[in-house]
Protein chains: 2
Amino acid sequence: MSLAHVILGLLQQQERTGYDLKTKCFDDCISHLWQADQAQIYRTLDKLESQGWITCNVEIQHDRPNRKVYRITEAGEAELTHWLQTHHPLPVLREPLLVQLYFAAQLPNEAIVYLLEQELEARQEKLAQCETIEALSLSNPTASREQKLHRLVLDLVKQREQTYLDWLEKAIATIRSQST
Amino acid sequence: MSLAHVILGLLQQQERTGYDLKTKCFDDCISHLWQADQAQIYRTLDKLESQGWITCNVEIQHDRPNRKVYRITEAGEAELTHWLQTHHPLPVLREPLLVQLYFAAQLPNEAIVYLLEQELEARQEKLAQCETIEALSLSNPTASREQKLHRLVLDLVKQREQTYLDWLEKAIATIRSQST
DNA sequence: TGCTAGTATATGATTAATCATATATAGGAT
DNA sequence: ATCCTATATATGATTAATCATATACTAGCA
């Protein structure tokens with residue numbers, strides 16, 4: 001499971017709680033990279049701990065639930081380093097919109113255009129989210145090796161969205177220009 | 001579940017068996033669009049039948065298992081037409097390679113380049129698969145409305161792969177040009 | 001003779017991800 | 001006084017997808 005390795009990567013940066021991982025990491029910093037559900041994060045932390053790849057230190061709190069602070073172990077670092085250098089199969093992508101277009105021959109042009117316009121809007125919003133994350137990243141003035149890699153990743157994600165936007169505009173124009 | 005609607009779309013074209021769907025449709029014609037496991041196809045056919053969206057006609061065979069030929073019902077067509085016009089949320093994409101690059105700062109440049117080169121190879125292969133499907137599609141000389149939509153879909157899938165390839169080449173050059 | 005590929009459907013098991021909900025308290029807003 | 005947000009973890013249920021394996025017969029190849 002890759003989520004386990006994303007978490008190992010985040011814990012290698014610094015020790016964190018499940019709550020930190022969800023709010024500060026997955027939601028605020030790497031939502032363009034990997035989305036994760038809170039329940040799955042906690043359950044994956046349990047698995048990583050029982051594997052011996054992370055350890056947990058409980059900070060007692062009285063006004064709210066205790067914080068379980070997780071830290072990567074040497075075995076965890078070794079596992080991460082190994083995983084980082086292993087090629088993984090391309091993820092399978094299943095896009096409802098493409099299925100809709102594929103089977104849309106019976107629909108009137110206006111219905112198809114409407115569908116494409118809604119997708120365009122959703123994709124524009126997603127690109128905007130990427131740009132928010134980019135702004136956050138660029139606000140950090142250091143040009144470390146890590147920063148450069150983060151920007152490379154953002155470049156792809158943004159370019160991917162731009163490819164969709166360009167294609168959607170072309171597709172809308174194509175459908176509109178048709179008689180039927 | 002979108003798979004159910006992909007199957008409805010395929011059964012609207014013509015009646016088919018589960019085996020036909022798997023081999024002639026999913027594997028040969030729309031693998032760029034939607035990959036589906038045999039087991040999941042059969043179980044989805046059962047669900048669609050109990051929903052009343054398809055019906056089944058059993059053709060008795062003696063030399064091999066009976067063929068269960070499925071056909072879309074009127075209720076199924078209504079459901080498909082409705083689904084085709086409904087906007088669906090963007091699918092979540094999780095790419096191990098991007099995670100690897102994001103956390104790769106500690107790796108030597110050669111290791112990163114090796115990773116990117118393996119991804120490049122995999123993406124080239126995927127583009128080649130798209131082109132095989134495209135050749136199959138272009139071999140059909142009719143320029144029907146359906147054909148045009150199929151080609152629009154293929155355009156995006158190919159363009160998407162090309163975006164990856166361009167980015168990968170740029171990323172490899174960037175990493176190689178660095179001192180560390 | 002044994003092996004593989006093709007035709008055809010079915011089921012058990014597991015994984016990854018999501019959704020809903022529960023618990024507990026503090027502090028600020030309406 | 002009530003509601004919402006933030007902090008913090010946990011668990012039950014369900015879905016979508018994948019993997020493995022079972023059954024059963026034919027035909028062709030080595």
Side-chain angles (χ1 to χ4, degrees), chain A residues 1-8 15-28 30-31 33-51 54 56-70 83 88-96 99, chain B residues 1-8 15-28 30-31 33-51 54 56-70 83 88-96 99:
Chain A
M1 196 187 21
S2 295
L3 176 62
H5 294 93
V6 179
I7 292 178
L8 284 180
E15 54 176 42
R16 305 179 194 270
T17 65
Y19 188 81
D20 288 343
L21 285 168
K22 175 58 179 162
T23 56
K24 295 190 200 152
C25 302
F26 285 97
D27 289 352
D28 289 356
I30 59 165
S31 62
L33 194 62
W34 205 276
Q35 281 171 246
D37 182 77
Q38 174 262 122
Q40 202 192 358
I41 291 171
Y42 281 99
R43 277 192 265 243
T44 302
L45 285 169
D46 288 343
K47 272 187 222 161
L48 284 170
E49 199 189 359
S50 67
Q51 281 260 331
I54 61 176
C56 176
N57 184 32
V58 181
E59 283 181 16
I60 308 296
Q61 299 193 115
H62 297 287
D63 53 336
R64 49 198 59 185
N66 294 336
R67 286 161 49 92
K68 295 173 76 173
V69 182
Y70 291 97
W83 184 85
H88 303 285
L90 302 187
V92 174
L93 183 48
R94 293 182 175 91
E95 298 207 58
V99 173
Chain B
M1 195 188 22
S2 296
L3 176 63
H5 295 93
V6 180
I7 291 176
L8 284 179
E15 54 176 42
R16 304 179 195 270
T17 65
Y19 188 80
D20 288 344
L21 285 167
K22 175 58 178 163
T23 57
K24 295 190 199 149
C25 301
F26 285 97
D27 289 351
D28 289 356
I30 59 164
S31 61
L33 193 62
W34 205 276
Q35 281 171 245
D37 181 79
Q38 174 261 125
Q40 203 192 357
I41 291 171
Y42 281 99
R43 278 193 265 243
T44 302
L45 285 169
D46 289 343
K47 271 187 223 162
L48 284 169
E49 198 189 359
S50 67
Q51 280 260 332
I54 60 176
C56 175
N57 183 32
V58 181
E59 284 181 16
I60 308 296
Q61 299 194 118
H62 297 289
D63 52 336
R64 49 198 59 184
N66 295 336
R67 301 175 75 224
K68 296 174 76 172
V69 183
Y70 291 97
W83 183 85
H88 304 285
L90 302 188
V92 175
L93 183 47
R94 293 181 176 92
E95 298 208 58
V99 174

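Below, chain A is the first sequence line, B the second, and so on; all start at residue 1. On a predicted model such as this, the values are computed, not experimentally measured, just so you know.
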Interatomic distance, CG@B:L45 vs CD1@B:I54, rounded to 0.5 Å, equals 4.5 Å
Would you mind reading off the distance between A:I7 atom CD1 and D:dT9 atom P, rounded to a whole angstrom? 12 Å
Under 4.0 Å between a side-chain N or O of B:Y19 and OP1 or OP2 of C:dT7? yes
Output the distance between atom CG (A:L8) and atom OH (A:Y70), rounded to the nearest 0.5 Å. 13.0 Å
Interatomic distance, A:N57 atom CG to A:K68 atom NZ [nearest 0.5 angstrom]: 11.5 Å
Exactly one candidate in A:K24, A:K22, A:R16 meets salt bridge (charged side-chain N to carboxylate O under 4.0 Å, His left out) with A:D20; the answer is A:K24
Is there a donor-acceptor pair closer than 3.5 Å between any side-chain N or O of B:S50 and the backbone N or O of B:K47? yes
What integer distance in Å separates A:F26:CZ from D:dA8:P? 17 Å
Phosphate OP1/OP2 of C:dT9 contacted by B:Y42 side-chain N/O (<4.0 Å): yes
OP1 or OP2 of D:dT7 less than 4.0 angstrom from a side-chain nitrogen or oxygen of A:K22, does that happen here? no
Residue pair A:W34 / A:I7, side-chain heavy-atom distance below 4.5 Å: no
Rounded to the Å, how far apart are A:D46 CG and D:dT9 C1'? 10 Å
CA sep, side-chain torsions, deciding dist, call: B:Q40, B:M1, side-chain contact (heavy atoms from CB on, under 4.5 Å): CA-CA 11 Å; B:Q40 203 192 357; B:M1 195 188 22; 4.0 Å; yes
Earlier contact from the 5' end, DNA chain C, for B:R43 and A:L3: B:R43
note: B:Q35, atom CD; D:dC19, atom C1'; distance rounded to Å ~ 15 Å
Can you list the steps and then say if B:F26 with B:L3 is a side-chain contact (heavy atoms from CB on, under 4.5 Å)? CA-CA 11 Å; B:F26 285 97; B:L3 176 63; 3.6 Å; yes
Note down the inter-axis angle between the two ends of the helix from C:dT1-D:dA30 to C:dT30-D:dA1, five pairs each, to the nearest 10°. 10°
Here the distance between atom C1' of C:dT21 and atom CD of A:Q38, to the nearest Å, is 11 Å
Find the distance A:D28:CG to D:dT7:P and express it as a whole number of Å. 10 Å
Give, for atom CD1 of A:I30 and atom CD of A:Q35, the distance between the pair rounded to the nearest 0.5 Å. 10.0 Å
Select base, sugar-phosphate, or nothing to describe what B:T23 touches, counting heavy atoms under 4.0 Å on all strands. nothing
Using whole Å, report how far CZ of A:R67 lies from C1' of C:dT25. 16 Å
Using whole Å, report how far CD1 of B:I60 lies from C1' of C:dT7. 16 Å
Could I get a table of every N or O pair under 3.5 Å where one atom is in the protein and the other is in nucleotides 14-16 of chain D?
| unit_1 | atom_1 | unit_2 | atom_2 | d |
| --- | --- | --- | --- | --- |
| D:dA16 | OP1 | B:M1 | N | 3.3 |

